[in-house]
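In what follows, a single structure is set out as structure tokens and then discussed.
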Amino acid sequence: MISYNLDPGKKVYFLSDFHLGAPNKASSLIREKRVVAFLKEARKDAAHIFIVGDIFDFWFEYKQVVPKGYTRLLGQLADMSDEGITIHLFTGNHDMWMKGYFEAEFDAQVFYDPQEFQFNGKKFFIAHGDGLGPGDHRYKFLKAVFRNKISQKLFGILAPNFGISLANFFSRKSRESTGNSDAIFLGEDKEWLIIFSKDTLQKTYYDYFIYGHRHLPMDLALGGNSRYINLGDWINYFSYAEFDGNDVALKYYP
């Protein structure tokens with residue numbers, strides 16, 4: 001478990017699911033500018049920034065090439081890191097192929113799996129959320145394939161123009177097949193991440209379970225003062241969570 005104590009007046013911010021690049025450059029740029037505006041405000045009192053996956057709608061780092069664009073966001077994160085703010089990035093199901101670029105450029109901590117943190121004595125379980133809980137066996141199989149080093153090497157053989165265009169095409173198709181299902185709360189007995197959190201609580205206590213992926217902002221009591229928080233997204237909700245040293249609040253950027 002990674003443990004920190006916050007200085008008085010300092011905060012931890014959590015946000016996820018920007019899906020930059022989708023559905024087109026123009027709308028992605030508007031969204032990126034809004035994220036950057038939020039981060040500029042957060043710089044005033046942030047000690048840590050957590051971006052919990054799916055920053056990009058697709059990301060693949062070739063050995064000498066990274067996707068074009070996103071300079072406003074990347075520059076903002078670099079400035080925050082230079083000021084001493086710790087940047088924590090989680091890979092999501094759309095941008096799992098990170099290979100050292102973010103660590104090298106702005107000293108980010110990049111996580112590929114769920115992680116445990118402790119802030120001021122409060123225990124946090126943090127994950128993007130894809131592939132956790134029961135069900136969704138087809139995706140779990142695909143995730144294992146995508147994270148396989150051989151699969152990544154084979155994709156890396158493709159010319160960047162072709163490979164990135166192909167990946168963006170399938171990412172678009174995936175969103176179309178999902179439709180508006182992310183906007184519907186299924187109930188605690190059917191939400192996979194809630195089920196997973198409750199099962200985890202039977203073994204280990206956490207004050208907060210914080211996830212992305214689901215795209216629906218949620219703050220639910222799990223029992224025993226433990227809470228499940230889904231960060232929503234920056235496509236429809238512009239939602240984030242804030243830990244002030246004592247408690248976590250789910251908020252919305254105006």
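With rounding to the nearest 0.5 Å, the separation of CG in D79 from CG in L74 is 11.0 Å. Atom CD of E191 and atom CZ of F185 lie 5.0 Å apart (nearest 0.5 Å). Of the inter-residue distances, the one linking D199 atom CG with T204 atom OG1 reads 12.0 Å to the nearest 0.5 angstrom.
Between D45 and Y13, the side chains place a donor N or O and an acceptor N or O closer than 3.5 Å (distance only, hydrogens not considered).
By the 6.0 Å and 45° rule, K123 stacks over the aromatic ring of Y206.
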request  = Might you work through the salt bridge (Lys or Arg N to Asp or Glu O under 4.0 Å) test for R227 and D247, ending with a clear yes or no?
outcome  = CA-CA 11 Å; R227 282 159 55 200; D247 197 10; 2.7 Å; yes
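The side chain to side chain contact (heavy atoms under 4.5 Å, CB included) test applied to S226 returns L201, Y205, F209, L222, not counting sequence neighbours. By the side chain to side chain contact (heavy atoms under 4.5 Å, CB included) test, E41 pairs with Y253, sequence neighbours left out.
A donor-acceptor distance shorter than 3.5 angstrom exists from the side chain of W234 to the backbone of S239, with no hydrogens or angles considered.
Under the side-chain contact (heavy atoms from CB on, under 4.5 Å) test applied with I229, the options L220, L250, I126 reduce to a single match, L250. Here the rule is side-chain contact (heavy atoms from CB on, under 4.5 Å) with H128, and of N93, D113, T91 only N93 fits it. Shown are V52, I55, I49; of these, the side-chain contact (heavy atoms from CB on, under 4.5 Å) with L89 is made only by I55.
Taking the six-membered ring where tryptophan is involved, the planes of H19 and H215 are tilted, since the angle between them lies from 30° to 60°. Between F56 and Y70, the angle of the ring planes lies from 30° to 60°, which puts this pair in the tilted group. By the 30° and 60° cut-offs, the orientation of the rings of Y211 relative to Y228 is tilted. Using a 30° and 60° split on the angle between ring planes, F14 and F119 fall in the perpendicular class, above 60°.
Taking the six-membered ring for Trp and the full ring otherwise, the centers of F111 and F117 sit less than 6.0 Å from each other.
In plain terms, the two heavy atoms of G92 and D130 that are nearest each other are C-OD2, 4.4 Å.
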